[in-house]
Structure formats: C-alpha cells, structure tokens
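The structure appears right after this line, and notes come after that.
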Amino acid sequence: MRDLSAELLAWYDVHAREMPWRVGPSDRKAGVLPDPYAVWMSEIMLQQTTVAAVRDYHRKFLALWPTVGDLAAADDADVMAAWAGLGYYARARNLLKCARAVVAEHDGVFPDSYEQLLKLPGIGPYTAAAVSAIAFDRPETVVDGNVERVMARLHDIHAPLPGSKGELTTKAQALTPQSRPGDYAQAVMDLGATICTPRNPACGICPWRDPCAARLAGTAAELPKKTPKKKTPTRFGIVYVARRTDGAWLLETRPEKGLLGGMLGWPGSEWGDEPEENPPYEADWQPLNAEARHTFTHFHLRLKIMVDYADIDATPLRGTFLTPDVFSPTALPTAMRKVFDLAHMTLRDN
DNA sequence: AATTCGGGGGC
DNA sequence: GCCCCAGAATT
C-alpha cells in the first residue's frame with residue numbers, strides 16, 4: 001500500500017507556495033512554528049478570498065495590531081475601516097469578537113484544539129482545523145474548496161456538492177497523516193490551487209496522477225459536480241450624497257446585521273424593485289447622470305445618485321456629516337466607494 | 001438543506 | 001456574463 005500523504009509531502013517540500021504568513025517546510029522540519037495570531041488572521045481573511053487579495057490586508061493588520069491583545073483593544077470603527085474593500089464584513093466584526101474572547105477567556109493565548117477553536121466567533125470547521133494543524137501541528141483535517149475538489153477527483157466521486165461534503169470529508173480524514181500534519185494540510189490546498197485546478201487541471205505533473213481515479217476515468221475536469229445555482233436578480237436603490245461647505249460628507253454607519261453591516265454608507269432607500277424617495281433632509285436634490293452599478297453575491301445593484309450642497313448649519317434627519325480629518329473614502333465598502341467616485345466628480349472641493 | 005453574506009480575477 | 005476563491009452564521 002503506497003503512502004499517498006508522504007508522496008504529497010515530498011512534492012510540497014519542493015513546490016510549496018510562498019505566502020508572507022507561512023513557515024515553509026524546511027523551517028517547520030527544524031521545529032519552527034508560525035505565530036498562531038498571524039495564522040488565524042490569514043485564515044479568516046482567506047475565507048472565500050484569494051491569496052492575492054489578502055496579502056496587503058494581512059500585512060496592514062499585523063502592522064496596525066501586532067498581537068491579539070492589540071487587536072482586542074482596537075476601536076471597532078478603525079477595524080472596519082481597515083477591512084473596507086475586502087468584503088464579507090461579518091468576518092471583521094467576528095474578528096474583533098474573537099480577539100476579545102481570546103483575551104478574556106484564554107488569557108490572550110490562542111487555544112490549540114479543534115474543539116476550543118470551533119467555539120470562537122468566526123471560526124467554523126475549516127478554520128478550526130486549519131489553525132490547529134498549521135499553527136500547532138495537530139493532525140486535524142482541513143476541508144476547503146481545494147480539498148473538496150481534490151478528493152472528488154482522487155476518488156472519482158460524482159455526487160454533487162454541497163450534499164457530498166460529508167463523503168469528501170471522510171475521504172480527506174482517511175488520508176491525513178500523523179506526521180507533519182501542518183505541512184500536509186497546506187500541501188493538499190496548494191495541490192488544489194496550483195495543479196488540481198477547477199479548469200484545465202495539470203494532471204500530467206500531479207504527484208497523485210497514478211492513484212487518481214478521475215484521471216483514469218477521464219472525468220477530472222468535470223469534477224466536482226455542483227447543484228445548479230439560480231441566476232442573480234437586479235435590485236434598485238437611491239442614495240443621497242450631501243457635501244457641506246466645509247467639505248464634510250453626510251454618511252451613516254449601517255446596522256450591524258445584514259449587507260455591509262457595520263460599514264459606512266450613504267443614506268438612502270431600501271433596495272428593491274421600486275425604491276422610495278426618502279432624502280435625509282429637505283433640499284433641492286439633483287439627480288446625477290450616472291448610476292452606480294455593483295454586483296453582490298446574490299444580486300445586481302443599481303444605485304440612482306442624488307446630490308446636494310448642504311449649508312453649514314444643515315440638520316439631517318439621518319446620518320452624520322464627517323469632515324475629512326475623520327473620514328477617508330478608503331473606509332467605504334466598494335459599492336459605496338463607487339458612489340463616492342461618481343458623486344465626487346460633481347461635488348468638487350470649493 | 002438553503003440562504004445570506006463581497007469583491008476580484010480568469011476565461 | 002459565469003465561475004471560483006484556505007467558509008461561517010443564520011434560518
């Protein structure tokens with residue numbers, strides 16, 4: 001019986017991807033383990049997000065808040081502003097909750113077990129296994145999109161996701177070695193990211209090409225099967241962009257729950273088929289020629305933009321005028337940033 | 001089991 | 001345009 005994990009680790013020793021927060025295989029063999037805080041930070045940011053998109057944010061967060069204690073003591077608004085643009089903002093809210101829980105409940109030290117990690121905010125089955133394996137070298141099994149794809153192909157499993165997740169997890173667990181589990185977890189994911197890719201898998205140079213059932217059957221490129229998803233509808237909305245004579249912009253912090261929760265945004269209507277007009281204060285609002293278009297996970301959004309120059313003593317019913325010393329457009333989520341970029345062309349500096 | 005959460009890159 | 005991405009929380 002061949003040792004598949006050992007063969008993959010041999011491949012990983014040569015082909016491990018470079019990541020700023022990663023301790024490579026040679027250092028790990030010398031007994032070096034990464035900072036659990038940096039590993040946890042990377043895994044939260046990497047949820048449904050590419051390495052390329054994460055790199056600069058990870059560097060910025062570690063520079064602003066070098067330890068979990070620093071992050072736990074940070075202001076919520078500063079963390080949300082730093083996360084702006086990365087998406088899935090519940091991750092940022094849970095990031096803070098988790099940091100504060102680690103300080104309050106674990107004396108500022110990340111727990112090393114899957115069960116303890118799983119209890120923390122924002123840490124689910126994947127991230128608990130990843131932190132436990134990568135940061136503490138415990139033999140936990142990571143199951144992300146890469147592992148699902150690799151297992152579906154290795155075992156030629158045609159049952160569609162997400163229903164087949166349990167079966168794929170069982171297959172992945174059976175392969176997880178007791179030796180070098182941290183390297184192995186990263187090796188399977190690297191394999192999926194660089195060789196066993198969604199389209200055009202490079203089976204010819206895959207370390208698992210011989211034992212791969214899908215390669216033998218010629219079905220690798222069509223796996224994993226997924227249940228079909230329905231198409232995304234379009235919603236419409238109106239936003240009101242006001243600029244005061246001193247340069248301040250009228251903004252509001254969105255509710256904690258829901259889309260773009262906890263982020264800054266422009267006051268406006270609900271988003272639906274026919275948005276109602278509800279300006280934040282009475283004025284001669286002027287429509288902008290262009291509309292802001294943005295696509296979220298499950299719908300397209302088109303925002304009609306109304307603009308107004310506000311008097312210095314304007315008293316809005318909703319939102320707060322933020323002066324340039326406390327507001328930067330970089331703190332806006334991308335949809336709201338698109339509105340800013342369009343409105344700013346009209347509401348220029350005086 | 002389904003839905004709700006962002007945003008960008010590849011094709 | 002559609003698919004994917006080191007998924008989690010909620011319903």
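Residue numbering restarts at 1 for every chain, and letters A, B, ... go by the order of the sequence lines.
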*Relative to the 5' end of DNA chain C, which residue comes earlier, A:Met189 or A:Pro121, by the nucleotide with the nearest heavy atom?*
A:Met189
*Mapping A:Asp144 and A:His300 to their closest nucleotides on DNA chain C, which lands nearer the 5' end?*
A:His300
Under-4.0 Å side-chain N/O to phosphate OP1/OP2 contact, [X] with [N]:
X        : N     : value
A:Thr295 : B:dG7 : no
A:Arg22  : C:dA6 : no
A:Gln48  : C:dG7 : yes
A:Lys230 : B:dT3 : yes
A:Tyr88  : B:dT4 : no
A:Thr334 : B:dG6 : no
A:His294 : B:dG7 : yes

From the set [options], return the single nucleotide nearest to any side-chain atom of [X].
X        : options             : value
A:Tyr89  : C:dG7, B:dG6, C:dA6 : B:dG6
A:His298 : B:dC5, C:dA8, C:dC3 : B:dC5
A:Leu46  : C:dA6, C:dA8, B:dC5 : C:dA6
A:Lys229 : C:dC5, C:dC3, C:dA8 : C:dC3

*Taking for each residue the nucleotide of DNA chain B with the nearest heavy atom, is it A:Phe299 or A:Ala53 whose nucleotide lies nearer the 5' end?*
A:Phe299
*asked:* Assuming nearest nucleotide by heavy-atom distance, tell me which of A:Gly85 and A:Arg199 is located more 5' along DNA chain B.
replied: A:Gly85
Using a heavy-atom cut-off of under 4.0 Å over every strand shown, decide if [X] touches base, sugar-phosphate, or nothing.
X        : result
A:Thr127 : sugar-phosphate
A:Met19  : base
A:Pro162 : nothing
A:Gly192 : nothing
A:Gly258 : sugar-phosphate
A:Leu86  : base

Write down the distance between [atom1] ([X]) and [atom2] ([N]), rounded to a whole number of angstrom.
X        : N      : atom1 : atom2 : answer
A:Arg254 : B:dT4  : CZ    : C1'   : 14 Å
A:Arg93  : B:dG6  : CZ    : C1'   : 12 Å
A:Ile44  : B:dG7  : CD1   : P     : 18 Å
A:Ile123 : C:dT10 : CD1   : P     : 14 Å
A:Leu95  : C:dA9  : CG    : P     : 12 Å
A:Lys119 : C:dA9  : NZ    : P     : 14 Å
A:Lys257 : B:dC5  : NZ    : P     : 11 Å
A:Arg235 : B:dT3  : CZ    : P     : 13 Å

Could you measure between the two [atom1] atoms, the one in [N] and the one in [M], and give it in whole Å?
N     : M     : atom1 : value
C:dG1 : B:dC5 : P     : 22 Å
B:dT4 : C:dA6 : P     : 24 Å
B:dG8 : C:dA8 : P     : 22 Å

*asked:* Any donor-acceptor pair, under 3.5 Å, between the side chain of A:Thr49 and the base of B:dG6, if you only look at N and O atoms?
replied: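 Yes, the side chain and the base share a sub-3.5 Å donor-acceptor pair.
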*So, does the side chain of A:Thr50 form a donor-acceptor pair with the base of B:dG8 at under 3.5 Å?*
no
*Report yes if the side chains of A:Val51 and A:Arg17 come closer than 4.5 Å at any heavy-atom pair, otherwise no.*
yes
_Residue pairs fulfilling ring pair (Phe, Tyr, Trp, His ring centres under 6.0 Å) with at least one residue in residues 100-151 of chain A, sequence neighbours excluded_ =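 Passing the test, one end in residues 100-151 of chain A: A:Trp40-A:Phe110.
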Could you tell me the separation between the [atom1] atom of [X] and the [atom2] atom of [Y], rounded to the nearest 0.5 Å?
X        : Y        : atom1 : atom2 : answer
A:Asp76  : A:Leu96  : CG    : CG    : 5.0 Å
A:Ile123 : A:Asn94  : CD1   : CG    : 9.5 Å
A:Arg337 : A:Leu264 : CZ    : CG    : 13.0 Å

*A:His298 and A:Phe296: aromatic ring centres closer than 6.0 Å?*
no
*Check whether the ring centres of A:Tyr240 and A:Trp285 lie less than 6.0 Å apart, and answer yes or no.*
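Ring-ring flag for A:Tyr240/A:Trp285: true, centres closer than 6.0 Å.
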_CD (A:Glu277) with more than 12 external heavy atoms under 6.0 Å_ =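 Open: at most 12 neighbouring heavy atoms sit under 6.0 Å from CD of A:Glu277.
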*For B:dG6, which nucleotide is its Watson-Crick or G-U wobble mate, given both distances must be under 3.5 Å?*
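Its partner: none found.
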